[in-house]
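Here is the naming used below: chain letters follow the sequence lines, and residue numbers restart at 1 for every chain. Only heavy atoms go into these numbers, but all of them, side chains included; no hydrogens, no water, no symmetry mates.
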Protein chains: 2
Amino acid sequence: MEKQIYGFYNYSMTDIFKIKELASTPVRVLVYEYLNEHQKALSLKYIESDLYDLDRSSIFRTLKTFVDHKIVHTIHDGSGSVKYALCQEGCNCDPSDLHFHFYCTTCEATYCLLDLPVPSVSLPTGFVISQANMVLSGLCNNCNS
Amino acid sequence: MEKQIYGFYNYSMTDIFKIKELASTPVRVLVYEYLNEHQKALSLKYIESDLYDLDRSSIFRTLKTFVDHKIVHTIHDGSGSVKYALCQEGCNCDPSDLHFHFYCTTCEATYCLLDLPVPSVSLPTGFVISQANMVLSGLCNNCNS
DNA sequence: AAACCAATGCAATAAAGTTGCACCTAACTA
DNA sequence: TAGTTAGGTGCAACTTTATTGCATTGGTTT
Ligand SMILES: [Mn+2]
Ligand SMILES: [Mn+2]
Ligand SMILES: [Zn+2]
Ligand SMILES: [Zn+2]
């Protein structure tokens, strides 16, 4: 149980919290495990509806904390609500760590396209990049038939 | 006046409305000219604050109509509000027509990087792309000094 | 045990987006 | 031309999402 392998990481959840210098708390454990089970980018509303015994603001602040500690990254897919997904091992949330996402306009799922890294682009003079939000949208494989 | 060259187009605004099969109305004219003057992606709130004699919902519906008629495209830059920018001549709002954007986290301006087209990526089997929202963020040339 | 501090739940609020409806206006019809 | 119609606009209400204040809880430190 304690040594179970979690998500994208070769570490247990407990180890990850230690590495990211974050106290392990009931809400954090539940939210982390929930994200880990789904392996997709999920909205606060979606998480809240499943973890209904937790308060929305607690989940919200937990996600914010996860973002601050680079345990999850956010995706703005145009659906109207922010999606959250677990980072991969070694992710520092720099553009070079990030990847494209795919938003299905039918089932509204948002996927991390882990094997599609953000390309390094040459920006106009004076522009300095620190973040990236790459979203393709259309039909996912489940909805395309 | 009537023959003035507007924005990205080699056509007058009146011509564009005809091409896009859209009636020319007072609000549409003002919103179009406003977007055209700024050559940037702007939020509803921002437009509203300048065109203060127009109603928010009228501007909102006008922008929606412009999007439907492919006169403007939307950008979700993570700022919390949708940005709108004029399309270029010949734009059909397909991914191949679209380009990267840059959101400055300091001045909150969103730029169309017209010379950075969306690359064609190979998606997993079964995924069909229809839209793209590419946003880099950081410091713009004005704020970087 | 007392003090402390972060986490949590609850409730209120802010911010953005959206809609119903009445009125207006300009184009069309008779 | 007068009447009719359809779409555009303004106003106000409302929905959804995001965010914050504050009191309470619960574990850790002194
Ligand atoms: Mn991702
Ligand atoms: Mn653009
Ligand atoms: Zn789908
Ligand atoms: Zn700037």
Side-chain angles (χ1 to χ4, degrees), chain A residues 13-14 16-18 20-34 41-69 71-85 103 105 108 110 133 135, chain B residues 13-14 16-18 20-34 41-69 71-85 103 105 108 110 133 135:
Chain A
M13 177 181 58
T14 305
I16 293 165
F17 284 159
K18 276 193 191 121
K20 302 290 190 175
E21 297 181 310
L22 193 59
S24 178
T25 70
V27 174
R28 287 174 190 163
V29 166
L30 287 171
V31 172
Y32 185 95
E33 288 180 333
Y34 189 78
L42 305 176
S43 67
L44 171 59
K45 183 182 175 184
Y46 189 90
I47 299 170
E48 186 192 355
S49 69
D50 251 13
L51 304 182
Y52 54 87
D53 49 335
L54 300 184
D55 186 72
R56 185 192 335 147
S57 63
S58 300
I59 302 175
F60 172 76
R61 285 190 261 233
T62 291
L63 290 168
K64 200 175 178 185
T65 300
F66 282 175
V67 170
D68 290 344
H69 289 251
I71 292 176
V72 312
H73 58 281
T74 56
I75 302 104
H76 302 268
D77 58 15
S79 66
S81 46
V82 180
K83 302 285 178 70
Y84 302 85
Y103 172 67
T105 52
E108 299 182 278
T110 298
N133 182 64
V135 181
Chain B
M13 177 180 59
T14 306
I16 293 164
F17 284 160
K18 276 192 190 122
K20 302 289 189 175
E21 296 181 309
L22 193 59
S24 179
T25 70
V27 175
R28 288 175 189 161
V29 166
L30 288 170
V31 172
Y32 186 95
E33 287 180 334
Y34 189 79
L42 305 176
S43 68
L44 171 58
K45 183 181 176 185
Y46 189 91
I47 298 170
E48 185 192 354
S49 71
D50 250 14
L51 304 182
Y52 53 88
D53 48 335
L54 300 185
D55 185 73
R56 183 189 341 146
S57 63
S58 299
I59 302 175
F60 172 76
R61 285 190 262 233
T62 292
L63 291 168
K64 200 175 177 186
T65 301
F66 282 176
V67 170
D68 290 344
H69 289 252
I71 291 175
V72 313
H73 58 280
T74 57
I75 302 106
H76 302 269
D77 58 16
S79 67
S81 47
V82 179
K83 302 285 179 69
Y84 302 85
Y103 171 66
T105 52
E108 300 182 276
T110 298
N133 182 63
V135 181

Name the nucleic acid region contacted by [X], choosing base, sugar-phosphate or nothing; use a 4.0 angstrom heavy-atom cut-off, strictly under.
X	value
B:S58	base
B:T25	sugar-phosphate
A:S57	base

How close or far is atom [atom2] of [N] from atom [atom1] of [X], stated in whole angstroms?
X	N	atom1	atom2	answer
B:D68	D:dG8	CG	P	12 Å
B:K64	D:dT9	NZ	P	15 Å
A:L63	C:dA7	CG	P	14 Å
B:D55	C:dT18	CG	P	15 Å
B:L54	D:dC11	CG	C1'	14 Å
A:R28	D:dG26	CZ	C1'	14 Å
B:H76	C:dA16	NE2	P	15 Å
B:L44	C:dT19	CG	C1'	14 Å

**Report entry** Point-to-point distance, once rounded to the nearest 0.5 Å, from CG of A:L44 to OG1 of A:T62
**Finding:** 10.0 Å
Query raised in the report: Quick one: are A:E48 and A:F60 in side-chain contact, heavy atoms under 4.5 Å?
Result: no
Report summary line: All heavy atoms of B:Y103 vs all of B:K83, minimum pair found to be CE1-NZ, 3.8 Å
Report summary line: Between B:V67 and B:T74, the two heavy atoms sitting closest are CG2-CG2, 3.8 Å
Report summary line: Of D:dT19, D:dG10, C:dA7, the nucleotide closest to the side chain of A:R56 is D:dT19
Query raised in the report: From C:dA11, C:dT18, C:dT8, pick the nucleotide closest to the side chain of B:F60?
Result: C:dT18
Query raised in the report: Is any side-chain N or O of B:R61 under 3.5 Å from a base N or O of D:dG10, one able to act as donor and the other as acceptor?
Result: yes
**Report entry** Whether over 12 other heavy atoms sit under 6.0 Å from B:Y34 OH
**Finding:** yes
Query raised in the report: Taking only side-chain nitrogens and oxygens of A:K45, does any of them come within less than 4.0 Å of OP1 or OP2 of D:dT17?
Result: yes
